[in-house]
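Just below is one structure, and these are the notes that go with it.
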Amino acid sequence: MKTLLDPDRALTEGLAAIRTQYNVPQGFAPEILAAADEAAKRVPNAHVDRTAIPFVTLDPASSTDLDQAFAIEAAGNDLLLRYAIADVAWFVDDGGLLDVEAWRRGESLYLPDGKASLYPPALGEGAASLLPTGDRPAVIFAVRVAPDGKATLDGAERALIRSRAKLAYETATDADLPAGFAELARRVAAAEDQRGASRVDPPEQELARNGDGKFQLRFAPREEAEDRNAALSLATNLAVAASLLAHHTGLFRVMPAPDARAVVRLRHAAEALGVDWPAAMSLADLQKRLDGHNPREAALMVAIRRAGEGASYAPYRPGVVPWQAAVAATYAHATAPLRRLADRYVVRATLAIANGQAVPDVVSAAFEKLPAVMAHSGAIAGAIDRAVIDMAEAVLLHGREGESFPALILDRDDRGARIQLVDLPVVARVLSDSGDPGDRITVRLDEADPVKRTLRFTPAG
């Protein structure tokens with residue numbers, strides 16, 4: 001969720017409770033900060049000079065932990081994407097204080113009022129971040145994107161780069177971006193359609209006050225530049241995954257497709273939200289036509305993202321083809337090492353095999369341990385995301401106790417019925433034995449507690 005607009009700090013207590021409940025780290029210990037300050041002084045001496053390449057970054061305007069910079073050039077009918085990834089491993093020694101702390105955290109945690117970073121600011125927002133404030137060490141992946149959108153890894157190298165500009169999704173224009181940016185994204189999207197991918201990138205939710213001072217939960221539509229930038233990362237991660245799999249090593253991101261029961265729930269959610277979903281249309285085809293600028297369709301996109309069993313990490317196993325259903329391909333995470341622990345090791349393995357070297361033993365060993373570590377940190381991150389949404393929904397409805405709302409039953413279990421409010425992007429539970437999934441009911445709001453993040457509904461009438 002985006003930063004909450006909360007000028008009178010009405011949400012402070014609820015966010016503090018979330019931080020306490022999930023043990024969100026508050027800064028770093030002095031010895032970790034000192035280690036980061038010392039590591040930040042390291043001079044890159046294993047990197048070729050690629051400062052002449054006109055790299056740029058593209059992120060939210062407020063971002064300072066910049067993992068990726070890119071440049072694009074034509075190569076015959078292909079497009080050559082040079083994707084520079086922050087060389088975190090240059091600064092973090094195996095087994096050192098920074099490494100041990102990163103393994104404890106797993107990933108950066110984001111809340112509306114701030115983040116708990118994977119690495120201290122001296123690295124994550126300083127020496128390792130690809131800011132346009134000086135030369136930075138990076139690992140450059142050369143990714144060749146064919147006219148049909150197929151992405152292959154041409155090579156990888158440690159290099160010194162110099163970003164020309166810190167571009168923002170909100171303000172970047174076509175003139176600011178490298179030639180070929182839009183065409184590369186178009187090719188990647190065409191390849192997704194050809195594979196039958198069902199990836200969905202919903203807009204972020206934000207809580208803001210409307211004209212009469214009440215809170216409103218709304219969706220901030222994704223900028224076109226953000227979607228196109230995601231295509232660059234997707235192409236790189238696909239190319240890296242294919243290379244790792246071909247060399248019988250790696251750590252992959254895997255995810256099953258939503259099961260039949262989840263699809264039924266989504267059909268009920270679409271009905272509640274008033275989104276047309278013909279009976280003969282598959283979920284994948286529906287996702288292609290959803291528009292994040294439409295609040296009801298944006299709410300359904302969020303429901304789809306939350307419907308599956310979730311993604312996980314899996315190390316290479318002989319005879320097993322790791323599969324990520326949303327992208328309909330073998331997939332890896334390599335492009336965000338400042339924010340995810342696992343990416344640092346995937347980058348190291350890819351760099352080694354691209355240069356004909358053996359994958360370091362410490363990296364291979366990490367691939368076996370990382371799934372559990374990332375599952376733990378991912379579960380915390382997911383729980384925090386859900387808690388923030390629960391809090392936002394409670395804030396949205398606080399003060400409307402006693403009102404009745406039309407709703408639709410999504411499904412039911414031994415805890416009652418799970419409902420979707422028809423006119424608001426709110427999913428809740430109601431203790432009721434009557435009604436079947438798909439039925440419309442009316443519920444009364446009895447309680448909305450932003451601090452406890454709870455909503456209590458009962459059947460109306």
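If you read the sequence from its start, that first residue is 1, and numbering goes on from there. Both backbone and side-chain heavy atoms feed into the values below; hydrogens, waters and symmetry mates do not. Worth saying up front: this structure is predicted, and the values here are computed from it rather than measured.
With rounding to the nearest 0.5 Å, the separation of CZ in Phe70 from CD1 in Ile140 is 14.0 Å. Atom CZ of Arg348 sits about 13.5 Å away from atom CG of Asp343, to the nearest 0.5 Å. The CG atom of Leu232 sits 5.0 Å away from the CG atom of Leu184 when rounded to the nearest 0.5 Å. Atom CZ of Phe367 and atom OH of Tyr316 lie 13.0 Å apart (nearest 0.5 Å). Atom-to-atom distance recorded for Arg105:CZ and Leu341:CG is 12.0 Å, nearest 0.5 angstrom. From Gln68, atom CD reaches atom OG1 of Thr335 across 5.0 Å, with rounding to the nearest 0.5 Å.
The environment of NZ in Lys452 is sparse: at most 12 heavy-atom neighbours from other residues, nucleotides or ligands sit within 6.0 Å. Annotation: Asn77, atom CG; neighbour count of heavy atoms from other residues, nucleotides and ligands within 6.0 Å does not exceed 12. The environment of NZ in Lys288 is crowded: more than 12 heavy-atom neighbours from other residues, nucleotides or ligands sit within 6.0 Å.
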- Please step through side chain to side chain contact (heavy atoms under 4.5 Å, CB included) for the pair Asp65 and Tyr119, ending with a clear verdict. CA-CA 10 Å; Asp65 49 348; Tyr119 298 103; over 6 Å; no

- Query: Can you list the steps and then say if Asp361 with Ser364 is a side-chain hydrogen bond (donor to acceptor under 3.5 Å, both in side chains)?
  - Reply: CA-CA 5 Å; Asp361 289 343; Ser364 296; 5.4 Å; no

- Pair Ile384-Ile18, side chain to side chain contact (heavy atoms under 4.5 Å, CB included): steps then yes or no: CA-CA 7 Å; Ile384 289 173; Ile18 292 173; 4.3 Å; yes

- Can you list the steps and then say if Arg195 with Leu238 is a side chain to side chain contact (heavy atoms under 4.5 Å, CB included)? CA-CA 12 Å; Arg195 294 195 307 272; Leu238 290 171; 3.9 Å; yes

- Glu73 vs Arg82, salt bridge (Lys or Arg N to Asp or Glu O under 4.0 Å): CA-CA, chis, key distance, verdict: CA-CA 8 Å; Glu73 64 183 74; Arg82 298 189 189 279; 3.4 Å; yes

- Task: Apply side chain to side chain contact (heavy atoms under 4.5 Å, CB included) to Ile353 and Val359, showing your working.
- Result: CA-CA 7 Å; Ile353 63 178; Val359 174; 3.7 Å; yes

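The two atoms that bring Leu266 and Leu300 nearest to each other are O-CD1, 4.0 Å, heavy atoms only. His47 and Pro44 make their closest contact through ND1-CB, 3.5 Å (heavy atoms, listed as atom of the first residue, atom of the second, distance). The two residues Arg144 and Ala75 come nearest to each other via the heavy atoms NH1-CB, 3.4 Å. Among all heavy-atom pairs drawn from Pro360 and Ala352, the shortest one is CD-CB, 4.2 Å. Looking at every heavy atom in both residues, Leu245 comes nearest to Pro322 through CD1-CD, 3.9 Å. Taking both residues in full, the closest heavy atoms of Ala151 and Val143 are given as CB-CG1, 3.9 Å, listed atom of the first, atom of the second, then distance.
Distance alone, capped at 3.5 Å, is enough to place a donor-acceptor pair between the Ser108 side chain and the Leu118 backbone. Glu157 contributes no side-chain N or O that, together with a main-chain N or O of Val48, makes up a donor-acceptor pair within less than 3.5 Å. For the pair Ser233 (side chain) and Ala230 (backbone), a donor-acceptor distance under 3.5 Å is absent. Between the side chain of Lys166 and the backbone N or O of Ser63, at least one donor-acceptor pair lies under 3.5 Å. Not one N or O on the side chain of Glu226 forms a donor-acceptor pair closer than 3.5 Å with the backbone of Tyr169. Although no hydrogens or angles enter the test, the distance criterion places no donor-acceptor pair under 3.5 Å between the side chain of Asn355 and the main chain of Gln357. A donor-acceptor pair under 3.5 Å links the side-chain atoms of Asp176 to the main chain of Thr173, judged by distance alone.
You'll find the side chain of Thr64 stays beyond 4.5 Å of the side chain of Ser129, heavy atoms only. Looking at heavy atoms from C-beta onward, Asp99 lies out of side-chain contact with Asp93 at the 4.5 angstrom threshold. Within the 4.5 Å cutoff, the side chain of Pro371 has heavy atoms near those of the Leu251 side chain. A 4.5 Å side-chain heavy-atom check between Met255 and Tyr331 finds every atom pair outside the cut-off. Considering only heavy atoms from C-beta on, Ser117 comes within 4.5 Å of Glu125 through its side chain. Contact annotation: the side chain of Val275 approaches that of Leu290 to within less than 4.5 Å [non-hydrogen atoms, C-beta and beyond]. The shortest distance between side-chain heavy atoms of His333 and Tyr313 falls below 4.5 Å. Looking at Asp67 and Pro337, their side chains come closer than 4.5 Å, going by heavy atoms from C-beta outward.
Salt bridge status for Arg317 with Glu368: present, with a side-chain N to carboxylate O gap under 4.0 Å. With respect to the salt-bridge test (charged N to carboxylate O, under 4.0 angstrom), the residues Arg42 and Asp87 do not qualify.
With sequence neighbours excluded, the residues that form a side-chain contact (heavy atoms from CB on, under 4.5 Å) with Ala185 are Arg228, Ala231. Partners of Ala334 under the side-chain contact (heavy atoms from CB on, under 4.5 Å) rule, at least two apart in sequence or in another chain, are Phe141, Asn237, Val240, Val346, Val347. Annotation: side-chain contact (heavy atoms from CB on, under 4.5 Å) contacts of Thr51 (sequence neighbours excluded): Asp49, Asp135, Leu160, Arg162. The ring-ring contact (aromatic ring centres under 6.0 Å, His included) test applied to Trp277 returns no partner, not counting sequence neighbours. For the salt bridge (charged side-chain N to carboxylate O under 4.0 Å, His left out) test, residues two or more places apart in sequence or in another chain that qualify with Glu183 are Arg186, Arg187.
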Which side-chain N or O atoms in residues 21-32 pair as donor and acceptor under 3.5 Å with protein atoms at least two apart or in another chain?
residue, atom, partner, partner atom, Å
Gln21, OE1, Arg453, NH2, 2.4
Gln26, NE2, Val24, O, 3.3

